[in-house]
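The structure appears right after this line, and notes come after that.
Letters go in sequence order (proteins before strands), and every chain restarts at 1.
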Amino acid sequence: MVGRGADGRTAVVDLDAQGEELSRVVVDLEQLPQLIADREARGGPRWVWSDTPAWYDAVLRRGVRAGRCHDLRLVHTILQHSLLVADHGPIRAARAWETGPPVPAEARSGEATLFDLDRTAATQGSVPHDLEAALAELARQRSAIDGSADPGRLRLLAAAESAGALVAAELHAAGIPWDVDEHDRILREALGPRPSPGQTPARMAEAAAEVRAALGDPLVSLDSPPKLLRALHRAGIDVESTSQWELTAHEHPAIEPLLRYKKLSRLLTANGWTWIDEWVREGRYRPLYIPGGVVTGRWASNGGGALQIPRQLRPALRADPGWVLVNADVAQLEPRVLAAMAGDRAMAAAAAGTDLYAGIVASGVVATRQEAKVGVLGALYGGTTGDSGRIVPRLRSTFPAAMGLVDEAARTGERGGGVSTWLGRSSPEPDPAWIASQQRAHQADADPRDGERARRAARDRGRFTRNFVVQGTAAEWALAWLADLRLRLARLEAVEPVATGSGPALGGRAHLAFFLHDEVIVHAPREQAEAAAEAIREAAAAAGRLLFPGSPVDFPLDLQISERSQKG
DNA sequence: GACTAATGCGCG
DNA sequence: AAAGCGCGCATTAGTC
């Protein structure tokens, strides 16, 4: 346990299995990295601390890594809602550990101040960092987990979530190796030369001129949806919105250049030259990763839209000289997770190859891969109309266990109930307005429109809980994958050349550089590329065994080794 | 000028 | 307005 002592110095306490204090040392904050390094060299404990970035960022900057941790803030959030916990009283009463909104990137990254815990503690959304508060919280969490319906699963979830926090801090420290020249080349090819500030790039201006000519409206703004919509109507194009999906359905000479303009405009505003100037420093893009930032347990991110890097820009992710990127993503993670959770033997059989959708076609239930995909997505998201509404019922008869699991999750959500992932992360309660709406609809004098509104709200929530159990369990699988992978990579030898941009703790050996729900990119010295690829594969297999021991479902990867990211 | 909401589109 | 889940971010429009 690491915490701030009453004297303001840093206390490091050894605890036994019951949480009793065995020994205590008190050091200045600046000595913590060395202390952690010494202990890690002798095997390393599980470091318990209030909040991983608050303690670990500065440790990483000194070139020291921690092997395992328990993040009190993240575990508190899980236990607060988990339906496996029998008595939420003590956890929920500890209001200081309720997490506020994530701290914006500007508040975290800019300042190089070491160990500025006061500033962190003063920031909204932070938790107590002092030792006594942390000891008390750890005791509450132990008791909540030990007394829960499934201590084993919650312990696994606490460990996986905490390992994710270490990975997130390390990803931020390492950054994504980013080739600014390649990014600029892609921009120039699409948009034309970089214009002076306030000017429109040439290709965009050309497209805009074509649109205005075709609409017979030389001044219309293409950047204001209401104005554009009125101009489209005046030109006889009958659309309800200016979204590309609706526009593509219409025939008019203005449509093609307008869609082209929108694409270019999006590229410029989201990931143009301004983005490069703001987010890339010394060959690295360093977004903030926020574990548990999504209710389902997926990560969120902050700073530059890290989880939405367009496929078009993937070639700008480029390894340092002498290094390579090992890019791996799981094929159809969510349906595989569903098959494993539900113990659906037919679906597991369909998943036996590398392409689950092809396996579904082979089972005979649908004719084409496209139908298999639409049907599976409809099953996961709750599609009821169109192709998906037609195909989902067929899947229901072929994969009864898998469909039964998501259908039951949907029914529970529609009733206002809660659902849980495989390891025990639970959905949030319905909000008071939702409950009030359901109650209003059940009153004797209810307006029929209230009834319809309430049914729609119930179905909406059903689709959310339906997806929650699968998306959330897939996120748990991914955490287990990351957790295992980072330890395997840490066991590789440190080598030359060092990737200097990746920081003192990571630059000497293969390290994670990017993570996106079901995909990882490892930045590796060329001679460790094969070892890193093997580590990624072994970690995926280990994650499957850890979550679903004995399950026939496997998790095959698409994996590539190259200097540039190949996605897309 | 500072704010929130709505729109639209990128990712899984 | 993707047919259906989860996000972040830039921009415009509307409000104070």
Considering only [options], which nucleotide approaches the side chain of [X] most closely?
{"X": "A:K263", "options": "C:dA1, B:dG12, B:dG10", "answer": "B:dG10"}
{"X": "A:P225", "options": "B:dG8, B:dG12, C:dC7", "answer": "B:dG8"}
{"X": "A:P226", "options": "B:dG12, C:dA13, C:dG4", "answer": "C:dA13"}
{"X": "A:V295", "options": "C:dC7, B:dG12, C:dA13", "answer": "C:dC7"}
{"X": "A:A300", "options": "C:dT12, C:dG8, B:dG12", "answer": "C:dG8"}
{"X": "A:T269", "options": "B:dC11, C:dC5, C:dT11", "answer": "C:dT11"}
{"X": "A:K262", "options": "C:dT12, B:dC9, C:dG6", "answer": "B:dC9"}

Notebook entry, point to check: When you compare C:dA3 with B:dT4, how far apart are their P atoms, in angstrom units rounded to a whole number?
Noted result: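 Nearest-Å result for C:dA3 against B:dT4 at atom P: 31 Å.
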Notebook entry, point to check: Which whole number of Å gives the distance between the P atom of C:dG4 and that of B:dA5?
Noted result: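 Rounded to whole Å, the distance is 24 Å.
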Sugar-phosphate only, base, or nothing, as touched by [X] at under 4.0 Å among non-hydrogen atoms:
{"X": "A:Q471", "result": "base"}
{"X": "A:G383", "result": "base"}
{"X": "A:G389", "result": "nothing"}
{"X": "A:S301", "result": "sugar-phosphate"}
{"X": "A:R298", "result": "base"}
{"X": "A:Q244", "result": "sugar-phosphate"}
{"X": "A:S243", "result": "sugar-phosphate"}
{"X": "A:L333", "result": "nothing"}
{"X": "A:L516", "result": "sugar-phosphate"}

Check the distance between [N]'s [atom2] and [X]'s [atom1] and give it to me in whole angstrom.
{"X": "A:I521", "N": "B:dC11", "atom1": "CD1", "atom2": "C1'", "value": "13 Å"}
{"X": "A:R456", "N": "C:dG4", "atom1": "CZ", "atom2": "P", "value": "11 Å"}
{"X": "A:D223", "N": "C:dA13", "atom1": "CG", "atom2": "P", "value": "10 Å"}
{"X": "A:W275", "N": "B:dG10", "atom1": "CH2", "atom2": "P", "value": "16 Å"}
{"X": "A:L222", "N": "C:dT12", "atom1": "CG", "atom2": "P", "value": "12 Å"}
{"X": "A:D518", "N": "C:dG6", "atom1": "CG", "atom2": "C1'", "value": "13 Å"}
{"X": "A:L229", "N": "C:dA13", "atom1": "CG", "atom2": "C1'", "value": "14 Å"}
{"X": "A:F464", "N": "C:dC5", "atom1": "CZ", "atom2": "P", "value": "11 Å"}

Notebook entry, point to check: Side-chain contact, heavy-atom cut-off 4.5 Å: A:R463 with A:Y381?
Noted result: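 A:R463 does not reach A:Y381 side chain to side chain.
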Checklist line | Side-chain touch A:L512/A:I521, heavy atoms, less than 4.5 angstrom | finding: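 No, their side chains stay 4.5 Å or more apart.
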Note to self: So, under a plain 3.5 Å distance rule, would you say the side chain of A:R311 forms a donor-acceptor pair with the base of B:dG10?
What the structure shows: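 No.
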Note to self: Determine whether A:W273 and A:W279 satisfy the following criterion, ring pair (Phe, Tyr, Trp, His ring centres under 6.0 Å), listing intermediate values before the conclusion.
What the structure shows: CA-CA 10 Å; A:W273 291 280; A:W279 295 111; over 10 Å; no
Next item on the list: Could you pick out which residue, A:G304 or A:S388, lies toward the 5' side of DNA chain C when each is mapped onto its nearest nucleotide?
Entry: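 Its nearest nucleotide being more 5', the pick is A:S388.
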Margin query: Going by purine N1 to pyrimidine N3 plus the second Watson-Crick contact, or the G-U wobble pair, all under 3.5 Å, which nucleotide sits opposite C:dG4?
Written below: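 Its partner is none (no Watson-Crick or G-U wobble pair with both distances under 3.5 Å).
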Taking OP1 and OP2 of [N], is either one under 4.0 Å from a side-chain nitrogen or oxygen of [X]?
{"X": "A:T242", "N": "B:dT7", "result": "no"}
{"X": "A:R266", "N": "B:dG10", "result": "no"}
{"X": "A:Q308", "N": "C:dA10", "result": "no"}
{"X": "A:S224", "N": "C:dA13", "result": "yes"}

Margin query: Using only atom types and a distance under 3.5 Å, with no angle test, would you say the side chain of A:S397 pairs donor to acceptor with the backbone of A:R394?
Written below: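 Flag set: sc A:S397 to bb A:R394 pair under 3.5 Å.
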Margin query: Looking at A:W178, I'd like to know if the NZ or CZ of A:R284 sits under 6.0 Å from its six-membered ring centre while staying within 45 degrees of the ring's axis.
Written below: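 A:R284 over A:W178 ring: no.
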Next item on the list: Decide, yes or no, whether a salt bridge links A:E414 with A:R455 under the criterion of side-chain N to carboxylate O below 4.0 Å.
Entry: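 A:R455 and A:E414: not salt-bridged.
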Note to self: With a 4.0 Å cut-off on N to O distance, would you call A:D179 and A:R185 a salt bridge?
What the structure shows: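 A:R185 and A:D179: not salt-bridged.
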